[in-house]
2 protein chains.
Amino acid sequence: MPDQEGEELVERAEPGPEMEIVHLLRAVAVDLGRHSTRFAQRNGMHPTDVRALIALMDAARAGEETTAGHLGTALGLNSAGTTALVDRLERAGHVRRVRDARDRRKVTIEVDERAIALGWSHFGPLIDRAVDLLRGYDERELAAIRGFLTGMRKAAV
Amino acid sequence: MPDQEGEELVERAEPGPEMEIVHLLRAVAVDLGRHSTRFAQRNGMHPTDVRALIALMDAARAGEETTAGHLGTALGLNSAGTTALVDRLERAGHVRRVRDARDRRKVTIEVDERAIALGWSHFGPLIDRAVDLLRGYDERELAAIRGFLTGMRKAAV
DNA sequence: TCTATTATCTCGCTCAGCAAGATACTTGTT
DNA sequence: AACAAGTATCTTGCTGAGCGAGATAATAGA
């Protein structure tokens, strides 16, 4: 073990108070991922299935229909993987396949109400806690949080 | 609001300014995940391999040796999966297996310098951008960001 | 020493996801 | 109308990450 000041090779950027927050953000991302994974395993699902349900519910919230193809693209799956994914979700009763009336090649995916309720039961408390936390900050502090997160999104693309 | 239940329903049905930040945080977590995945695919690795390298480098930064068992536990793999993971990483030249001299049952995993450099070349710019962003905030704003992220970590466990 | 415990590895298997191609429907052209 | 080209999904066959069970090797305790 090195008896010197420790962080010469790993910590290229000067480790100021900023680096602590950078690591914190990464840790949060990992922890949120684990939280999803736990939800998946408890309900006999795979991480991809959860990602799919979230993508479907996001689209529904934005008022958009999601076709099988759309879903696969959003998750980075090819058509075969997408079919298998929707098969799994449908078999578990979380979604329904509905043939589009206008273009009968398309299959739109609808999320079952019970899957939505299941999701809320797991993610609801976490969201409530987040809202609670955020209510403790004033407008300038909220703007800082919003600005940092928005900036990181842009940087991560 | 006079009615507690009513307030919660409104909170869920009608997202306030807080919900925007909640969704933003989730989006950041997803985007950071995608950023990792891209790094993995560009270098012929799987998401788990990247998670492993990050875990190994985190431990190294904290001055801890990581054994195969430790690594598997950290990633939620069983022993067979861990062996396969280390095999992959070693085959790619990213890590070395080193038998512990004191307890010869143990195998400590050392990350190759070139893997560290590779990681920096991909994650460095993102980290630099984060540090840049954070330098634009004063102490109270930084405390808000730190507090929110710390609170979310605790909530996600 | 002999036994129990711990750490890693081996073997056989399951299943998510890929590549290629089949099938079904729509649209454009003649 | 009929036919070709394009688009959306599904089928088939395969690869490989990760699991369960158990083997192997080293240490610790009596």
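Below, chains carry the letters A, B, ... as their sequence lines are ordered, and counting in each starts from 1. Both backbone and side-chain heavy atoms feed into the values below; hydrogens, waters and symmetry mates do not.
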**Q** Count the heavy atoms of every other residue, nucleotide or ligand shown that sit under 6.0 Å from NE2 of B:His35, and state whether that count exceeds 12.
**A**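 For B:His35, atom NE2 is crowded (more than 12 foreign heavy atoms under 6.0 Å).
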
**Q** Tell me, which of residues 45-64 of chain A have any heavy atom that sits under 4.0 Å from an atom in DNA chain C?
**A** A:His46, A:Thr48

**Q** Measuring to OP1 and OP2 of D:dT11, would you say a side-chain N or O of A:Thr83 lies under 4.0 angstrom away?
**A** no

**Q** Could you give the CG-to-C1' distance, from A:Leu77 to C:dA19, as a whole number of Å?
**A** 14 Å

**Q** Specify the residues of residues 98-107 of chain A, ordered by number, for which at least one heavy atom lies under 4.0 angstrom from an atom of DNA chain D.
**A**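 Under 4.0 Å from DNA chain D: A:Arg105, A:Lys106, A:Val107.
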
**Q** Given D:dC19, C:dA16, C:dA19, identify the nucleotide with an atom nearest to the side chain of A:Ala80.
**A**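 For A:Ala80, the side-chain atoms sit closest to C:dA19.
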
**Q** Taking OP1 and OP2 of D:dG18, is either one under 4.0 Å from a side-chain nitrogen or oxygen of B:Asn78?
**A**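 For D:dG18, OP1/OP2 do not have a side-chain N/O of B:Asn78 under 4.0 Å.
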
**Q** Phosphate oxygens OP1/OP2 of D:dC10: is one of them under 4.0 Å from a side-chain N or O of A:Arg97?
**A**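 True: A:Arg97 side-chain N/O within range (under 4.0 Å) of D:dC10 OP1/OP2.
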
**Q** Find the distance A:Leu71:CG to D:dT9:P and express it as a whole number of Å.
**A** 10 Å

**Q** In whole angstrom, give the distance that lies between atom CG of B:Asp87 and atom P of D:dA17.
**A**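 To the nearest whole Å, that distance equals 11 Å.
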
**Q** Considering only NZ, NE, NH1 and NH2 on the basic side and carboxylate oxygens on the acidic side, decide whether A:Asp138 and A:Arg140 come within less than 4.0 Å.
**A**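 Salt bridge flag = no for A:Arg140 with A:Asp138.
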
**Q** Enumerate the side chain to side chain donor-acceptor pair (under 3.5 Å) contacts for residues 73-83 of chain B, please, sequence neighbours excluded, ordered by first and then second residue.
**A** none

**Q** Regarding B:Thr67, tell me which of base, sugar-phosphate or nothing describes its non-hydrogen contacts under 4.0 Å with the strands shown.
**A** sugar-phosphate

**Q** What contact category does B:Gly72 fall into here, base, sugar-phosphate, or nothing, at under 4.0 angstrom with non-hydrogen atoms?
**A** nothing

**Q** Round to the nearest Å and state the distance from A:Leu85 atom CG to C:dC18 atom C1'.
**A**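 So the two atoms are 14 Å apart, to the nearest Å.
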
